[in-house]
Amino acid sequence: MNKLKQHYGKWLAVVTPFLFAPMAHAALSTDAQAAVDAVSTTASDFITAAWAIAIVCVVGFTGIKLFKKAITKAT
């Protein structure tokens with residue numbers, strides 16, 4: 001419980017901006033809104049690409065591990 005109290009301030013500092021972001025977001029000008037949309041689209045594209053890379057890495061590392069296990073049993 002003591003650790004929870006210790007990290008509560010950090011957690012609150014991280015979460016609070018996300019809670020109030022929709023309210024602050026409503027007053028943006030047209031150009032600012034276009035910039036926010038562009039950044040959001042770019043971030044979404046990066047996240048989509050990261051999933052593909054993560055899947056390839058997990059499958060590759062799993063394949064290497066299975067190959068090493070098979071080689072060890074064969075010898």
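Predicted model, so just to flag it, every value in this text is computed and none were measured.
- At least one donor-acceptor pair under 3.5 Å links the side chain of Thr48 to the backbone N or O of Ser44.
- The nearest pair of heavy atoms linking Thr62 to Val58 is OG1-O, 2.7 Å.
- The distance from the CG atom of Leu66 to the CZ atom of Phe61 is 13.5 Å, given to the nearest 0.5 Å.
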